[in-house]
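This report refers to the structure that appears directly beneath it.
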Amino acid sequence: GAGVSQTPSNKVTEKGKYVELRCDPISGHTALYWYRQSLGQGPEFLIYFQGTGAADDSGLPNDRFFAVRPEGSVSTLKIQRTERGDSAVYLCASSPRGGNEQFFGPGTRLTVL
Amino acid sequence: DQQVKQNSPSLSVQEGRISILNCDYTNSMFDYFLWYKKYPAEGPTFLISISSIKDKNEDGRFTVFLNKSAKHLSLHIVPSQPGDSAVYFCAASAMRGSTLGRLYFGRGTQLTVWP
């Protein structure tokens with residue numbers, strides 16, 4: 001079956017612009033996670049949804065970052081007033097109810113010029 | 001602060017030999033541990049996991065050992081194959097019941113298996 005998909009695969013934007021990153025989880029997975037990975041680092045947690053609601057958003061670095069999952073499936077990560085330090089690979093993962101692993105998508109590479 | 005640490009950024013092993021990747025953690029609330037493998041331009045792929053109620057879990061060529069008192073785990077790959085060359089991430093979670101929440105990742109170890 002289809003895995004987690006993320007679009008776009010690459011996004012280049014200018015400092016101060018707004019971007020949206022999309023994640024399509026594996027069908028039927030109830031949990032969805034966003035991470036970001038900077039060069040030379042491991043993935044860093046941003047936010048986790050159980051169904052439509054954010055179960056844990058403690059990893060969002062500031063109020064420029066926001067994520068939604070309105071129908072409990074697709075999720076969008078939104079970044080306002082982008083800064084050069086936001087440049088990273090943004091990873092999405094999903095997990096079935098009661099699952100003990102997270103399945104990752106290929107990521108979106110965001111470059112802020 | 002890094003709650004999961006992989007202190008070796010790289011490891012080079014000959015094909016057929018054992019690869020041992022190490023991971024340390026600081027948070028005693030962690031009770032579930034995972035290893036992921038990552039190729040360039042791809043997302044991490046789950047390899048193997050272990051719950052804190054066990055000290056060993058095996059899956060084919062991959063074995064994970066957990067030493068709770070030392071807050072240390074290791075991944076053994078035997079025998080190593082060139083296709084195992086990738087970045088390996090250790091991750092930990094504090095599971096609440098059966099819900100797998102946020103994962104804390106180490107910085108990864110680049111494994112190179114040479115023929």
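Excluded from the calculations below are hydrogen atoms, water molecules and symmetry mates; all remaining heavy atoms, backbone and side chain alike, are included. Below, chains carry the letters A, B, ... as their sequence lines are ordered, and counting in each starts from 1.
- Cluster annotation: Ile77(B) and Tyr36(B) are assigned to distinct hydrophobic clusters (Ile/Leu/Val/Met/Phe/Trp/Tyr, side-chain heavy-atom contacts under 4.5 Å, transitive).
- Grouping the Ile, Leu, Val, Met, Phe, Trp and Tyr side chains by contacts below 4.5 angstrom, directly or via other members, places Val89(A) apart from Ile79(A).
- For Gln37(A), the part lying under 4.5 angstrom from a heavy atom of chain B is the side chain only.
- Counting heavy-atom neighbours within 6.0 Å of Arg17(B) CZ, excluding the residue itself, gives a total of 12 or less.
- The hydrophobic clustering, which links ILVMFWY residues whose side-chain heavy atoms are closer than 4.5 Å, places Trp35(B) and Phe62(B) together.
- Within the 4.5 angstrom heavy-atom criterion, only side-chain atoms of Leu34(B), from C-beta onward, approach chain A.
- Phe105(B) contributes atom CZ, which lies 13.0 Å from atom CD of Gln41(A) (distance to the nearest 0.5 angstrom).
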>> Would Tyr35(A) and Leu103(B) count as a side chain to side chain contact (heavy atoms under 4.5 Å, CB included) here? Give the steps.
In response: CA-CA 9 Å; Tyr35(A) 294 83; Leu103(B) 296 180; 3.4 Å; yes
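- In this structure, chain A has no heavy atom under 4.5 Å from any part of Tyr104(B).
- Between Ser58(A) and Arg102(B), the closest heavy-atom pair is OG-NH1, 3.0 Å.
- Listed for the Gln102(A) side chain is a donor-acceptor partner under 3.5 Å among the backbone atoms of Gly101(B).
- Put simply, Leu73(B) and Phe30(B) are part of the same group of oily side chains (I, L, V, M, F, W, Y) that touch within less than 4.5 Å, one to the next.
- Within a 6.0 Å radius of NZ in Lys68(B), other residues, nucleotides and ligands contribute more than 12 heavy atoms.
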